[in-house]
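One structure is given below, encoded as C-alpha cells.
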2 protein chains.
Amino acid sequence: MTGIKEVADEVGLSQATVSRALRGQRGVSERNRERIEEAAARLGYVASRTAVGLATGRTHLVAAVVPHVTRWYFGTVIHGAEQVLRKHGYDLLLFNLAGSAEARDRVLGTHAATKRADALLLAGLQPSDAERSWRDRHGTPAVLVGAVAEGWPSVTIDDEHVAVVAMQHLIDLGHQRIAYVGGEQANTLEFSTPGARHRGFLGSMDRAEHKVPPEYDHDGDFTLASGLEAGRALLRLPTPPTAIMCASDEMAIGVLRAARELHLAVPGDVSVIGVDDHELSEHVDLTTVRQPVEELGRLAATQLLQQLGELPGSPPLPSHVRLETELVVRGTTGPPPPLH
Amino acid sequence: MTGIKEVADEVGLSQATVSRALRGQRGVSERNRERIEEAAARLGYVASRTAVGLATGRTHLVAAVVPHVTRWYFGTVIHGAEQVLRKHGYDLLLFNLAGSAEARDRVLGTHAATKRADALLLAGLQPSDAERSWRDRHGTPAVLVGAVAEGWPSVTIDDEHVAVVAMQHLIDLGHQRIAYVGGEQANTLEFSTPGARHRGFLGSMDRAEHKVPPEYDHDGDFTLASGLEAGRALLRLPTPPTAIMCASDEMAIGVLRAARELHLAVPGDVSVIGVDDHELSEHVDLTTVRQPVEELGRLAATQLLQQLGELPGSPPLPSHVRLETELVVRGTTGPPPPLH
DNA sequence: TTGAAAGCGGTACCAG
DNA sequence: CTGGTACCGCTTTCAA
C-alpha cells in the first residue's frame with residue numbers, strides 16, 4: 001500500500017505539502033501541485049480512510065437503518081439515498097433489522113451504527129428513548145424517513161392524509177362498507193406510519209358517518225402474504241365489505257389474490273385500494289396513492305449532507321420535509337355492487 | 001466520547017491493561033478485569049472503530065457490491081449476507097451500482113470499496129481485469145455470488161443446468177415452439193448468469209432437435225417491464241411460441257401480463273416458466289426453478305469470514321460452492337394447445 | 001500481571 | 001509556500 005510518505009519522498013516534499021496538494025487546499029505552488037498529483041497517480045496512492053478518519057474525526061460513512069432491505073419501499077429509499085451520498089463522497093453502512101427487535105438494540109443500543117458513522121438515517125422507524133437521548137448528548141446528525149419525531153429532521157409524506165385521500169376516493173364512489181387492512185400492532189419495531197394511516201381511515205369513516213364493525217379493521221404486516229390472509233377473512237364475512245383499503249400496495253395485491261381465489265370480481269364485487277405505487281402496482285392495475293419513495297431517500301440524504309456541512313451553497317432544507325402524494329386511479333376501484 | 005484513557009484513569013491502570021481486559025485477552029488479573037469491565041460499562045465506553053482499524057489494520061467492514069438493491073434477488077442476497085456478517089461483528093458497506101457502468105468504475109476502480117473494507121462481496125458481477133489484478137496484488141478476501149471466475153471463490157447455482165431443467169419440463173410437456181426471454185446484451189455490467197441460461201436454452205432446443213427462429217430469442221433486462229414488452233412481441237408473432245422460458249421470474253410475470261392483455265389463456269394457449277422463485281411467484285402461480293437466494297448470501301458471507309480467519313473451528317468451505325435448485329411446478333405450464 | 005512507548009497513516013497548527 | 005511536529009485513539013511489543 002503506497003502511503004503518503006512514499007509520495008512525499010518521490011517528489012522530495014513533506015507529507016504536509018502532499019496532503020494539502022491532494023486535498024486541493026490552497027497554499028501549494030502550482031508546479032508542486034502538479035508534480036504531486038502526477039506522482040500520486042503514478043504510484044496509485046489513495047489515502048487510507050481509516051487514518052483520515054482518525055485524524056479528522058469524520059468517517060464519511062452514513063448508517064442507514066431499515067426494518068427490511070428486501071421490502072420494495074426500503075430498498076428504494078436506500079437506493080435514493082445512496083445515489084446522493086456517493087456523489088458527495090459518503091459511503092452507506094447498511095443495518096438491516098430484519099424484523100428483529102433484538103437486532104435493533106444491538107445496532108442502536110450498542111452504537112454499532114452511531115459510533116462508526118458520521119450520520120444516521122432511520123427509515124420507517126420511530127427513535128426510541130435511548131436513541132433520542134443518545135442523539136441529544138452527541139449531536140450526531142440524523143434524519144427520519146417516513147416517520148416524525150419531536151426534534152428530529154424528517155422526510156415524510158402525510159400518512160394520515162394519504163389514507164384520507166384513498167378513503168375519499170372510495171366514499172365518492174359510493175362505498176359505505178369499507179374495511180381496512182393495516183399493520184398497527186404487528187410491528188414490534190415502532191413505526192409511526194401504520195398508526196397515522198389507520199387514523200385517516202377511522203376519521204374518514206367517522207366523518208362520512210359510516211360504521212366500522214370490529215371485523216372490518218384488520219391487521220397485517222405490510223407483506224403480500226398478510227394481505228392475502230386478511231383478504232380471505234374479510235371477503236368470507238357474512239356481510240363482506242364492498243371496498244378494502246390497504247395500508248400498502250403489497251397487502252393490496254394480497255387482497256386482490258384473495259378476491260381472485262374466491263372468484264369475486266374486482267371492482268365488480270369489491271374495490272381495492274393501496275398505498276405506495278409499488279413497482280408492481282401498475283401491472284396489477286391497482287388503484288393506489290403514490291408516494292415518491294426514491295425521492296424520499298434522496299432528500300433524506302440531502303438533509304444529512306446539509307447537517308454535515310457538505311452542501312455550503314445550497315439553500316437549507318426545512319427540517320421537516322413533507323412530500324406530495326397523488327391518487328392514481330386504476331382498475332381495481334369502482335362503484336359498489338348494487339344492493340340486493 | 002469516553003476513551004480508553006478515561007477508563008484507565010478511573011481504575012488506576014494503564015491503557016494497555018484496559019485494552020487487554022476488554023478484548024478478553026489473557027494476562028489480566030481476575031480482580032482487575034472485573035473492575036475494568038464495570039468501569040467501562042458505567043462510563044459507557046465503546047472503542048472507536050476508526051482507531052482500532054488504524055491500529056490493527058482491519059476495519060471489520062465488508063463491501064457488498066450489487067447492480068441494483070431494489071431487485072428482489074440482490075436485496076435478498078444482501079439480507080442473507082448481512083445476517084451472518086453482523087453476527088461476527090462485521091458491518092456491511094453497500095455499493096449500489098444502480099445500473100451505471102460509471103458507478104462501477106468509481107467504486108471498484110478507485111478502490112472506494114476495497115480500500116475501506118476488509119473483504120469484498122460481488123453479487124451478479126463478473127470481476128473486470130482491473131479488479132482481478134488488484135485483488136491479485138493485494139490479496140483482499142473476496143467472493144462472488146451468482147458468478148464464477150478463475151481464482152475467485154464463489155457461491156452459485158448452475159445457471160446452465162437451471163435452464164436445462166426448465167426446458168426439459170417444457171419439452172416433456174410436448175412443447176416444440178419454445179421462445180426465450182433472456183438478458184444477454186442488455187446488461188452493461190458484465191454478468192455471467194444470462195449467458196449460461198441462454199446456453200442452457202439453446203442446448204436443450206438443439207438436443208430436442210427443435211428449431212429456434214431468431215425472433216424466438218428475445219432480450220430483456222430482468223425487469224417485469226422488459227418481460228411485458230418481450231411477451232407482447234412474442235405473442236403477436238404470426239406463429240407464436242406455445243411456451244416461453246424466461247431467465248427470471250420478474251420477466252416471466254411480465255410475460256404473463258402480456259398474455260393476459262392479449263386474452264391468451266395460460267397455460268391453455270401459452271405456457272410460461274421462470275427462474276428464481278421470487279417471493280411473488282407463488283402468488284401468480286408461476287412455474288419456476290427455485291434458487292435459494294438468501295442462502296447464497298449467507299454462504300458468501302461465511303466464505304468471507306473464513307478467508308478472514310474468523311471461523312477457526314468450522315470446516316473450510318470449498319472455494320466454489322454450488323447450491324441445488326429445484327423445479328417448482330405450478331399453474332402456468334401445461335401441454336401445448338392442440339394443433340390446428 | 002502490568003506499564004511505557006512506539007507505531008498505524010494521515011491532518012493541522014505553527015514557525016520559518 | 002513549505003516543513004516540523006504534535007496529535008487522533010487504540011493496539012502491541014518489550015521490559016519491568
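Residue numbers begin at 1 in each chain, while the letters A, B, ... track the order of the sequences.
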Over all strands shown, is A:Gly3 touching base, sugar-phosphate only, or nothing at heavy-atom distances under 4.0 angstrom?
sugar-phosphate
Let me know the distance between CG of B:Leu54 and P of D:dT12, rounded to the nearest Å.
12 Å
What about A:Arg20: does its side chain form a donor-acceptor pair under 3.5 Å with the base of D:dG3?
yes
Starting at atom CZ of B:Arg33, determine the distance to atom P of C:dT2, rounded to an integer number of angstrom.
9 Å
Find the distance A:Gln15:CD to D:dT2:P and express it as a whole number of Å.
16 Å
Check every strand shown and say whether A:Ala16 touches a base, only sugar-phosphate, or nothing at a heavy-atom separation below 4.0 Å.
base
Is there a side-chain contact between A:Gln307 and A:Pro153 (heavy atoms, below 4.5 Å)?
yes
Are any of B:Arg23's side-chain N or O atoms less than 4.0 Å away from OP1 or OP2 of D:dT12?
yes
For C:dG9 and A:Ser48 - does any side-chain N or O of the residue sit under 4.0 Å from the phosphate oxygens OP1/OP2?
no
Between A:Gly27 and B:Lys5, which is nearer to the 5' end of DNA chain D once each is assigned its nearest nucleotide?
A:Gly27
More 5' along DNA chain C: B:Leu13 or B:Ala51, using each one's nearest nucleotide?
B:Leu13
Examine C:dT1: is either OP1 or OP2 under 4.0 Å from a nitrogen or oxygen in the side chain of B:Thr17? Give yes or no.
no
Within the 3.5 Å criterion, strictly below it, is a donor on B:Arg298 or B:Thr302 matched to an acceptor on the partner's side chain?
no
Going by heavy atoms in the side chains, are B:Leu22 and B:Ile36 under 4.5 Å from each other?
yes
If only side-chain N and O atoms of A:Ser19 are considered, is one of them under 4.0 Å from the OP1 or OP2 phosphate oxygen of C:dT11?
yes
Rounded to whole Å, CD of A:Gln25 lies from P of C:dA12 at a distance of 7 Å
Please report the distance, rounded to the nearest Å, between CZ in B:Arg49 and P in C:dG9.
19 Å
Test side-chain hydrogen bond (donor to acceptor under 3.5 Å, both in side chains) applied to A:Ser29 and A:Arg33, step by step:
CA-CA 6 Å; A:Ser29 71; A:Arg33 183 183 300 278; over 6 Å; no
In sequence, state the C-alpha distance, the side-chain angles, and the governing distance for B:Thr70 and A:His79, and then conclude on side-chain hydrogen bond (donor to acceptor under 3.5 Å, both in side chains).
CA-CA 7 Å; B:Thr70 51; A:His79 170 71; 5.3 Å; no
Closest-nucleotide 5' rank along DNA chain C - winner of B:Ser29 and B:Thr56
B:Ser29
Specify the separation, in whole Å, of atom CD of A:Glu6 and atom P of C:dC8.
11 Å
How long is the line joining NZ of A:Lys115 and P of D:dG9, in whole Å?
9 Å
Can you measure A:Leu22 atom CG to D:dC1 atom C1' for me and round it to whole angstrom units?
17 Å
